[in-house]
Amino acid sequence: MKKMMVLLLLLVSSGSTKPPVERASLPDDQFLVIAHRGASAYAPPHTLTAYELAINMGSDYIELDVHMTRDRKLVAMHDSYLTFQDTEQAIADVTFNELQLYMPGEEFNERNPRYASPIYKQLRVVELEDILLHFGDSVNYYIEIKSPHAYPGIEKELLHLLRENNLLRGDDVIPKVIIQSFNENSLKAIFAMEPSIPLIKLYSFDKEAHLSKKKVQQLKEYASGVGVNVDSVTKKFIKSMHKEGLDVHPFTVNEEKLIRKLMKLGADGVFTDNPDVAVRVKSEQSSLDAD
Ligand code: G3P
Ligand code: CA
């Protein structure tokens, strides 16, 4: 009786009688190749071409940054502001149709003469919905909510699209969808509405990666792992995250040597513009492990 009273008092003092909701889990012992903005070393980022290439290369996930236009369309692109027609404009202030004036292929061709192609000039910014319709459940999506403060309600819109496309079934060996953000509140909003999706909190550290004990405890209430800039990652950090049940996905890792090193350090995957390289390294390592 006394024990029951203590339990009751604890629950009342914690402000809730509900048990805590479990975080979603990520696959054990699988090094994930996350195609950063698609196979963006070889084709214009965030375009269907870059995503198709990434899938053909054997990536485990295609990575998409999402923003919301003035007419509330979710679009795959990196920056919150774009200069087109000689004017800098916020994505939040333009409609999807207006955004079609921007040509991602032109920028790619200028910056990457080796992989440039005249065909890329035909590419345009794509709606997330069209990407989901195009690939369906044949691929896995690693979606970043960018600048959520600029797009009130983006979390709800995103979940709506994922549900409509039947991507939250939860019966897959590796999760069909992972959601990432630098914004803690945005991830918590997703967790409150749909705790079945693994969430990755992104960090960019100036020095060696480190999170205080208090921060880690807060993270563990909703996140399944962290995404961190690769130059900050240490073995000690990866070990400390693993001890707390959190996975580590460094970004952005394009060099073969570095991918090998991170695998040895115990990273759980990498964001990469060169998924072909990461897939090859992963496969070579699997062969070695099998011997
Ligand atoms: O999402 C991980 C990494 O992509 C974050 O950096 O600027 O490339 O979106 P960014
Ligand atoms: Ca990103």
Side-chain angles (χ1 to χ4, degrees), residues 33-59 61-71 73-132 134-135 139 141-147 150-151 180-182 202 204 227 229-231 250-259 270-280:
V33 176
I34 307 153
H36 184 241
R37 313 176 192 177
S40 56
Y42 311 108
H46 293 113
T47 60
L48 288 177
T49 309
Y51 289 128
E52 257 159 16
L53 199 54
I55 294 156
N56 292 339
M57 287 173 170
S59 311
Y61 282 88
I62 54 171
E63 195 247 0
L64 311 94
D65 300 321
V66 298
H67 296 264
M68 189 158 70
T69 60
R70 198 175 83 216
D71 49 344
K73 307 268 187 210
L74 265 57
V75 287
M77 54 195 305
H78 181 261
D79 296 333
S80 310
Y81 287 82
L82 262 193
T83 300
F84 60 103
Q85 295 203 314
D86 297 329
T87 317
E88 188 180 63
Q89 307 202 55
I91 307 304
D93 293 339
V94 297
T95 63
F96 179 71
N97 279 347
E98 286 166 342
L99 211 48
Q100 298 303 292
L101 295 170
Y102 173 66
M103 295 194 273
E106 278 195 340
E107 194 176 323
F108 178 85
N109 285 349
E110 266 171 39
R111 289 188 185 177
N112 304 277
R114 187 170 169 202
Y115 296 109
S117 162
I119 296 172
Y120 291 162
K121 286 188 185 167
Q122 294 167 19
L123 296 170
R124 294 294 182 274
V125 172
V126 202
E127 259 191 74
L128 174 64
E129 185 167 18
D130 285 338
I131 297 174
L132 302 181
H134 185 83
F135 295 111
V139 304
Y141 303 90
Y142 201 125
I143 301 171
E144 178 176 355
I145 303 176
K146 284 275 186 204
S147 319
Y151 315 116
Q180 46 164 341
S181 188
F182 281 99
L202 299 173
S204 189
N229 51 316
V230 65
D231 45 329
F251 60 84
T252 304
V253 197
N254 299 331
E255 287 167 28
E256 178 171 340
K257 214 170 143 190
L258 193 48
I259 297 171
V270 282
F271 292 85
T272 177
D273 300 337
N274 300 71
D276 52 338
V277 176
V279 167
R280 180 166 44 78

Side chain to side chain contact (heavy atoms under 4.5 Å, CB included) between Y42 and D273, worked out: CA-CA 8 Å; Y42 311 108; D273 300 337; over 6 Å; no
Please tell me whether H36 and F251 form a close aromatic pair, meaning their ring centres lie under 6.0 Å apart. no
Please check if the number of heavy atoms outside E255 that lie under 6.0 Å from its CD is greater than 12. no
List the atom of S147, the atom of S80, and the distance in Å for their closest heavy-atom pair. OG-OG, 2.8 Å
Quick one: do Q122 and M103 satisfy side chain to side chain contact (heavy atoms under 4.5 Å, CB included)? Show the steps, please. CA-CA 7 Å; Q122 294 167 19; M103 295 194 273; over 6 Å; no
Taking CD1 in I119 as the centre, count heavy atoms belonging to other residues, nucleotides or ligands within less than 6.0 Å. Is the count above 12? no
Least distance between heavy atoms, A76 atom then H46 atom: O-CB, 3.5 Å
Hey, could you give me the CG/CZ distance between N97 and R124, rounded to the nearest 0.5 Å? 12.5 Å
Residue pair N229 / D231, side-chain donor-acceptor N/O under 3.5 Å: yes
Smallest separation among heavy atoms of V279 and S59, with atom names: CG2-N, 4.1 Å
Can you find a side-chain donor-acceptor pair between D71 and T69 that sits under 3.5 Å? yes
Please check if any side-chain donor atom of E107 sits under 3.5 Å from a side-chain acceptor atom of Y102, or the reverse. yes
Working to the nearest 0.5 angstrom, can you tell me the gap between L99 CG and Q89 CD? 9.0 Å
Nearest-0.5 Å distance that lies between atom NE2 in H134 and atom CG in L48: 5.0 Å
Here the gap from I145 atom CD1 to M68 atom CE, rounded to the nearest 0.5 Å, amounts to 10.5 Å
Does one side chain, of E63 or Q180, offer a donor that lies under 3.5 Å from an acceptor on the other? yes
Under-4.0 Å salt bridge between E144 and K146: yes
Between V126 and Y51, is the side chain to side chain contact (heavy atoms under 4.5 Å, CB included) condition met? List the steps. CA-CA 11 Å; V126 202; Y51 289 128; over 6 Å; no
Among N254, I55, V33, N56, the one residue meeting side-chain contact (heavy atoms from CB on, under 4.5 Å) with P275: V33
Between S117 and N109, which heavy-atom pair has the shortest distance, and what is it? O-ND2, 2.9 Å
For the student: nearest non-hydrogen atoms of F108 and P45, plus distance: CD1-CD, 4.1 Å
Enter the distance from E52:CD to T47:OG1 here, rounded to the nearest 0.5 Å. 9.0 Å
Regarding K73 and E129, does a basic nitrogen lie under 4.0 Å from an acidic carboxylate oxygen? no
If you define the side chain from C-beta out and look only at heavy atoms, does anything of R37 sit under 4.5 Å from M77? no
Side chains of Y115 and Y120: closer than 4.5 Å at any heavy-atom pair? no
Between atom CG of L82 and atom NE2 of H67, what is the distance when rounded to the nearest 0.5 Å? 8.5 Å
Please report the closest heavy-atom contact between T49 and A43, naming both atoms and the distance. CG2-CB, 4.2 Å
When you compare the side chain of L64 with that of Y142, does any pair of heavy atoms fall below 4.5 Å? no
Run the side chain to side chain contact (heavy atoms under 4.5 Å, CB included) check on I62 and Y141 step by step: do they pass? CA-CA 5 Å; I62 54 171; Y141 303 90; 4.0 Å; yes
Note, V277 side chain near T272 side chain (heavy atom, < 4.5 Å): no
Is the closest side-chain heavy-atom distance between T95 and R70 below 4.5 Å? yes
